[in-house]
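Accompanying notes for the structure given below.
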Number of protein chains: 2
Amino acid sequence: MPKDLGHELQRYPRTGRFLLGRLRGAMGEDEKQLVEDLIEHEEELAGDGLIVRRGAECSRSTILIEGFARRVIERNGYRHIVGLQVPGDFIDLQAFALKRLDHDLYTLGPVRIGRVSHARLNKVLAARPHLARLLWFSTLLDAAIHREWILKLEHLNAAERVAHVFCEICQRLEFVGLGSKSGFSLPLTQAQLAEMCGTTTVHMSRALRRLREATGVTFRHGKLECDDPAALIRYCEYDPSYLYGPGDLQFSGRDYAD
Amino acid sequence: MPKDLGHELQRYPRTGRFLLGRLRGAMGEDEKQLVEDLIEHEEELAGDGLIVRRGAECSRSTILIEGFARRVIERNGYRHIVGLQVPGDFIDLQAFALKRLDHDLYTLGPVRIGRVSHARLNKVLAARPHLARLLWFSTLLDAAIHREWILKLEHLNAAERVAHVFCEICQRLEFVGLGSKSGFSLPLTQAQLAEMCGTTTVHMSRALRRLREATGVTFRHGKLECDDPAALIRYCEYDPSYLYGPGDLQFSGRDYAD
DNA sequence: CGTTCCCTTGAGTAGTTTCAATACTTGTGG
DNA sequence: CCACAAGTATTGAAACTACTCAAGGGAACG
């Protein structure tokens, strides 16, 4: 929970959540302003639409200002979710280095996004190695989350997996100042939860019931009600350190000293 | 299969395999030389040893010159493999931006590694944004592989998962000029294969038997014998495009034009 | 030549999938 | 405002996949 959230959002209305709760403290005000100024224009998308298609050549990247997004891989007729994004995430900054994404990016409910051209990004980053390193960091955060998902899929059963998803989203929302004690809206269907937990819709329904009975956490119609987050955390033995917030992996230095 | 492999390895004996088969073609000779010169010293490690511990503050990174490595997450008494690395991989370049890794890196059999200090890396990258972008690219390759593993775990059964691991390793070895028609040494036990396929050793043994009966591919005592790679690829519907080699995600431009 | 680690097999159990049927929610048009 | 359709969620039963526990066989190393 950042203490000066109001300040950040007032001063940087579009990118004030970027790296918030993680390395935002290592960004100078000049760097924050540079990032804010990167955004060339804003768009609002209604819901469940494509943001970036796999294989398309990208000349710009997207930052998620409000709302959620999902990373999807489709192949041979099956479709799976391999990642979720929350407000403040620079969701396809990877495309700056990769040029083409290996997966699709879709919105999850209505979103507000900002677009950043790679030409501009390139100019800024060439002149600002420290900022470049911070942006690099932010893309590696996604990789760390991927690793945790691998672990989750290798080790947990269906009910624990979905508990893990809820824990992660709670934590990430808290980082960017959108935490909530009692619950929040998360515009996902059970079918989509199943797609990201490697199970079927039918089984996901049963897993959610089990989770509800064990922890009191209710997920229905895109709303998560969670009176006792600690129970959820206990249920899947959740450890948020991989998100590089406060904790044993935290790197709080104002600068990369090497 | 790079055509001028001999040349690369002769001229750049320690880093000649870096990005080979992928974006190495986009590196200038000056950039290749800079990378080669980054290596401050070389080490040989006997086998199954720790390279980097989770949470340790890193002031240098490691490139894998020969041999294999694995990414491991240990938690609450269980242990899982979340990634494999092959020769040419800059295995903990992430630490340059992350400072601390969220997982452990272990060797897999005997290896030869090169060490690169972050101070030096920082100087070079500040002056060379194009090279910085290429190194960034290489870390994102790992993220793409993670996503494919997530997909693999979400969608495939045990036998298909291990087939997928074999396909991926074959393909990555081929990129760096270590491909082989009939098979190769891969110093893994069935227990470790199980750790990366989210199953048990007992079940892995059965899965390997099923795979053997279906495709003729034999894995025993750290050796893969694979007379018919196409059968393996068919068995798990393997699609290597996520590795960003030749294919529909390839970006072959000499430069990042934006 | 025995110890150790690795691999294999069997049998019972737990977790997951599949197919099929039923209910609830939401949005739309009459 | 109600009826309807489409999408979403729940339940049951049977089949299947994977896990666990347990025991035995094989290779490698001193």
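A note on names: the letters A, B, ... follow the listed sequences, proteins ahead of strands, and every chain is numbered from 1.
Checked for salt-bridge contact, R75(A) and E237(B) miss the test: no charged N lies under 4.0 Å from a carboxylate O.
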### Steps toward salt bridge (Lys or Arg N to Asp or Glu O under 4.0 Å) verdict (R172(B), E168(B))
CA-CA 6 Å; R172(B) 288 168 73 184; E168(B) 178 178 305; 2.9 Å; yes
### Task
Under the ring-ring contact (aromatic ring centres under 6.0 Å, His included) rule, what do Y78(A) and H80(A) come out as? Steps first, then yes or no, please.
CA-CA 7 Å; Y78(A) 58 89; H80(A) 286 287; 5.7 Å; yes
### Query
Between D92(B) and R115(B), does a salt bridge (Lys or Arg N to Asp or Glu O under 4.0 Å) hold up when you go through it step by step?
CA-CA 10 Å; D92(B) 63 344; R115(B) 304 282 198 173; 5.4 Å; no
### Task
Quick one: do D248(B) and R100(A) satisfy salt bridge (Lys or Arg N to Asp or Glu O under 4.0 Å)? Show the steps, please.
CA-CA 9 Å; D248(B) 62 345; R100(A) 300 175 195 272; over 6 Å; no
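Distances shorter than 4.0 Å separate none of the side-chain N or O atoms of Q192(A) from OP1 or OP2 on dT8(D). Between R212(A) and the phosphate of dT10(D), there is a side-chain N or O to OP1/OP2 separation shorter than 4.0 Å.
I39(B) CD1 to H41(B) NE2: the interatomic distance, rounded to the nearest 0.5 Å, is 10.0 Å.
Across the protein-nucleic acid pair, L188(A) atom CG and dA9(D) atom C1' stand 15 Å apart, rounded to whole Å. Rounded to whole Å, the distance from NE2 on H155(A) to P on dC19(D) is 11 Å. The CG atom of L193(A) sits 11 Å away from the P atom of dT10(D) (whole-angstrom rounding). Residue R220(A) contributes atom CZ, which lies 10 Å from atom P of dA9(D) at whole-angstrom precision. What separates CE of M204(B) from P of dT17(D) is a distance of 16 Å, to the nearest Å.
With hydrogens and angles left out, the side-chain atoms of R71(A) and Q85(A) include a donor and acceptor closer than 3.5 Å. Under the 3.5 Å distance criterion, with hydrogens and angles disregarded, no donor-acceptor pair is assigned to the side chains of T218(A) and R212(A). Looking only at atom types and distance, the side chain of H103(B) has no donor-acceptor partner in the side chain of R54(B) under 3.5 Å away. R147(B) and H146(A) share a side-chain donor-acceptor pair at under 3.5 Å.
Evaluation of the side-chain hydrogen bond (donor to acceptor under 3.5 Å, both in side chains) rule for R17(B) yields no partner, not counting sequence neighbours.
Two residues are said to be in side-chain contact when any heavy atoms from C-beta on lie closer than 4.5 Å; F166(A) and L193(A) meet this criterion.
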Return the polar atom pairs (N/O with N/O) between nucleotides 2-5 of chain C and the protein under 3.5 Å, or none.
none

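The minimum heavy-atom distance between G67(B) and P87(B), with the atom names listed, is O-CD, 3.2 Å. For M196(B) against E154(A), the heavy-atom pair with the smallest separation is O-OE2, 3.0 Å.
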## Note on the structure
Per-nucleotide protein contact along nucleotides 25-30 of chain D, 5' to 3', at a 4.0 Å heavy-atom cut-off (B base, S sugar-phosphate only, - neither), is ------
### Footprint string (nucleotides 9-20 of chain C, 5' to 3'): B base within contact, S backbone only, - free, heavy atoms under 4.0 Å
BBB----SBBB-
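The rotation axes computed at either terminus of the helix from dT8(C)-dA23(D) to dG30(C)-dC1(D) lie 40° apart, taking five pairs at each end and rounding to 10 degrees.
Using cut-offs of 30° and 60° for the angle between ring planes, the H164(B) and Y242(B) rings count as parallel.
Here the rule is salt bridge (Lys or Arg N to Asp or Glu O under 4.0 Å) with R14(B), and of E66(B), E43(B), E42(B), E40(B) only E42(B) fits it.
If you check residues 66-78 of chain A against DNA chain C, you find no residue with a heavy atom closer than 4.0 Å.
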